[in-house]
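Here the structure is laid out as structure tokens; the discussion comes afterwards.
Chain letters run A, B, ... following the sequence lines, proteins first, then strands; residues in each count from 1. Predicted model, so just to flag it, every value in this text is computed and none were measured.
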Amino acid sequence: MKAIQAARGTRDLLPPETELWNHIEATARRVFARYCFGEIRTPIFEDTQLFARSVGEETDIVSKEMYTWEDRARAQSEKAQSLTLRPENTAGVVRAYIEHKLGESGLLQKLYYIGPQFRRERPQKGRYRQFYQIGAEVIGPTSAGSESPLRDAEVLEMLATLLGELGIVDWKLYLNSVGSASDRPRYVLALQEALKEIAPKLCADCQRRAQTNPLRVLDCKIPEDQPFIETLPKIAEFLDANSRVHFAQVCAALDACGVPFILNPRLVRGLDYYTRTTFEFVHAGLGAQNALLGGGRYDGLSEAIGGPKAPGIGFAMGADRLVLTLQAQQEAPSAMPRLADAYIAPLGEAQQEQALVLARELRQAGLRVELGDGNFRIKKSFEVGNRLARRIVLFGEEEAQSGIMTVKDFASGAQTKVPRAELAQALQRK
RNA sequence: GCGGCUAUAGUUCAGUGGCAGAACGCCGGUCUGUGGCACCGGAUGUCGUGGGUUCGACCCCCACUAGCCGCCCCA
């Protein structure tokens with residue numbers, strides 16, 4: 001019989017690697033707490049329309065990468081609902097914001113999430129069909145200050161801090177403004193106009209993009225195309241006064257707190273809901289998938305899915321990519337499994353029961369204890385104990401009767417006799 | 001979705017149209033209440049899956065599956 005394998009693009013995370021995952025998530029939670037974000041957990045699947053209307057019907061994500069199915073109709077007369085595994089989490093958070101009328105509090109909502117997302121893409125290193133994102137959103141009514149450039153700067157400063165505390169070095173922050181909901185269409189029109197002139201001189205991909213998604217031409221990496229792309233109109237020239245001032249204030253606030261950034265007028269993000277500030281933190285050494293995280297402002301998203309006006313800004317970090325980066329930097333704290341404080345070796349089957357009692361005592365005292373097997377030869381107990389723990393506690397007939405335990409430290413080789421009552425304390429010592 | 005590379009022991013990888021290999025790891029012994037180090041010995045396996053060519057296929061051909069790299073896109 002053929003063994004069943006994990007589905008394509010999915011994988012198991014095993015110890016000790018999971019310790020690194022826990023470390024990353026714990027660091028994120030700690031930093032979010034200092035910035036007063038609360039955790040939100042939204043469903044893993046949602047109504048398909050949520051993603052179609054927020055992320056955008058024409059985006060790659062919605063048009064070809066979603067896991068979508070028709071749910072069973074509850075009654076003959078009822079139409080089956082179309083459901084989709086979430087391909088990202090911002091839409092779900094904004095849906096929850098609307099559904100629970102969180103804007104009615106009059107305060108900014110600051111929410112973070114950690115969890116799996118699903119996109120049916122071709123797998124590659126750093127890209128999986130089930131992948132994990134750590135993200136956060138600041139959203140609220142305009143009266144709560146949700147449109148303030150201070151919020152953008154605060155989020156970006158938090159991200160710089162978080163990456164620093166994770167130990168990620170050499171990141172770069174690319175920053176841009178894609179303009180308001182009315183700026184963008186004007187810019188796209190101008191871009192299409194300009195592309196009519198130069199498109200024939202561009203690479204095949206760009207000629208296609210010029211038709212399907214003109215903004216993406218700006219992202220082209222072909223060296224030969226660059227001189228022509230330079231001649232295209234810049235989004236900055238199409239920003240209205242409000243957007244221009246807003247962006248200048250974001251940049252000034254970042255300067256004030258010393259967060260370095262690189263203006264990138266070509267930074268175009270693939271989700272339709274982004275307005276004004278957009279950003280991306282990248283790291284070399286990740287190959288083609290070099291983005292550690294991306295995000296931006298989405299001033300019209302709430303309204304696009306039937307909610308009140310609720311401007312917001314947020315980001316999503318790729319946890320898989322943080323893991324890869326930290327592993328590449330050899331700062332993975334869990335290359336080796338942690339050793340237990342003690343390995344209790346029952347010598348003979350007759351001692352097993354009492355060895356379990358002893359292990360319970362030590363564990364309740366807070367020690368990390370491995371319990372061996374009374375059927376092992378003593379040599380094997382030492383071999384196994386040496387791999388699992390810093391010290392071995394022999395528990396044979398002699399120890400059971402006398403109440404004096406035999407403890408050997410593997411590193412020093414020193415062997416001592418310790419009364420059972422003092423054992424927990426003796427094992428605490430490094 | 002498109003193009004390329006790859007798939008052999010637990011792991012990293014050699015290999016040849018004619019008996020399946022190394023290193024590390026694992027198991028056992030030297031050593032019956034003493035690990036690491038050393039020495040000795042042992043097992044590693046549907047050679048990714050399914051077809052085809054051939055007297056004979058791990059090797060050549062085809063398909064499939066999976067991973068990696070690039071494109072697309074994105075975290």
Does A:Arg41 have more than 12 heavy atoms from other residues, nucleotides or ligands lying within 6.0 Å of its CZ?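 At most 12 heavy atoms, drawn from other residues, nucleotides or ligands, come within 6.0 Å of this atom.
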
Can you measure A:Tyr174 atom OH to B:A75 atom C1' for me and round it to whole angstrom units?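 Those two atoms, OH and C1', are 17 Å apart.
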
Starting at CZ of A:Phe382 and ending at P of B:C27, how long is that distance when rounded to a whole Å?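 Computing the A:Phe382:CZ to B:C27:P distance gives 17 Å.
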
Which ones in residues 56-67 of chain A lie close to RNA chain B, meaning a heavy atom under 4.0 Å from one of its atoms?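 Output list: A:Asp60, A:Glu65.
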
What residues from residues 412-421 of chain A pass a heavy-atom cutoff of under 4.0 Å to RNA chain B?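 When residues 412-421 of chain A is checked for heavy atoms under 4.0 Å from RNA chain B, the hits, listed by number, are A:Gly413, A:Gln415.
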
Go through the N and O atoms of the side chain of [X] and the base of [N], and report whether any donor-acceptor pair is under 3.5 Å.
X        : N     : result
A:Lys380 : B:G35 : no
A:Lys379 : B:U34 : no
A:Glu399 : B:G33 : yes

Can you list everything that forms a salt bridge (charged side-chain N to carboxylate O under 4.0 Å, His left out) with [X]? Sequence neighbours excluded, please.
X        : answer
A:Arg151 : A:Glu154
A:Glu383 : A:Lys379
A:Glu349 : none
A:Asp47  : none

Going by centres under 5.5 angstrom and planes under 30 degrees, do the aromatic ring of A:Phe410 and the base ring of B:G36 stack?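 No; centroid distance or tilt outside limits.
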
Are A:Glu230 and A:Arg266 within salt-bridge range, i.e. N to O under 4.0 Å?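 A:Arg266 and A:Glu230: salt-bridged.
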
So does A:Asp409 pair up with A:Arg391, basic N to acidic O under 4.0 Å?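 Judged by the 4.0 Å cut-off on N to carboxylate O distance, A:Asp409 and A:Arg391 do form a salt bridge.
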
Expressed in whole Å, how much space separates the [atom1] atoms belonging to [N] and [M]?
N     : M     : atom1 : value
B:U49 : B:A66 : C1'   : 10 Å
B:U16 : B:C27 : C1'   : 31 Å
B:G3  : B:G10 : C1'   : 34 Å

N/O donor-acceptor pairs under 3.5 Å from side chains in residues 59-69 of chain A, not counting sequence neighbours:
from	atom 1	to	atom 2	distance (Å)
A:Thr59	OG1	A:Gly56	O	2.7
A:Thr59	OG1	A:Val62	N	3.4
A:Ser63	OG	A:Thr59	O	2.8
A:Thr68	OG1	A:Thr84	OG1	2.8

Over 60° means perpendicular and under 30° means parallel, so tell me whether A:Phe410 and A:Phe382 are parallel, tilted or perpendicular.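 Aromatic pair A:Phe410/A:Phe382 classed perpendicular.
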
Got a list of protein N/O to nucleotides 10-13 of chain B N/O distances below 3.5 Å?
none

With a non-hydrogen cut-off below 4.0 angstrom, is A:Arg321 in contact with a base, only sugar-phosphate, or nothing?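 Answer is base: heavy atoms of A:Arg321 come under 4.0 Å of a base.
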
Assign A:Phe118 to base, sugar-phosphate, or nothing according to its heavy-atom contacts below 4.0 angstrom with the strands shown.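 If one applies the 4.0 Å heavy-atom cut-off, A:Phe118 turns out to touch nothing in the nucleic acid.
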
List for me each residue that meets side chain to side chain donor-acceptor pair (under 3.5 Å) alongside A:Gln425, sequence neighbours excluded, and say none if there are none.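 Counting only residues at least two positions away or on another chain, A:Gln425 forms no side chain to side chain donor-acceptor pair (under 3.5 Å).
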
Please figure out whether A:Ala291 or A:Pro123 has its closest RNA chain B nucleotide nearer the 5' end.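 Between the two, 5'-proximity favours A:Pro123.
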
Does the side chain to side chain donor-acceptor pair (under 3.5 Å) test come out yes or no for A:Asn89 and A:Thr42, once each step is laid out? CA-CA 8 Å; A:Asn89 218 333; A:Thr42 66; 2.9 Å; yes

With ring pair (Phe, Tyr, Trp, His ring centres under 6.0 Å) as the rule and sequence neighbours excluded, what pairs involving residues 171-196 of chain A come up?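 Output for this query lists A:Trp171-A:Phe281, A:Tyr187-A:Phe238.
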
What base-paired stems does RNA chain B take part in, with at least 3 consecutive Watson-Crick or G-U wobble pairs and both distances under 3.5 Å?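 RNA chain B stems, ordered by first number: B:1-7 with B:65-71, B:10-13 with B:21-24, B:26-30 with B:38-42, B:48-52 with B:60-64.
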
Protein-to-nucleotide contact annotation, 5' to 3' order, nucleotides 1-7 of chain B [B base; S sugar-phosphate only; - none; under 4.0 Å, heavy atom]: BBBB---

Closer than 4.0 Å, any side-chain N/O of A:Arg377 to the OP1 or OP2 of B:U34?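 Indeed not, no polar side-chain atom of A:Arg377 lies that close.
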
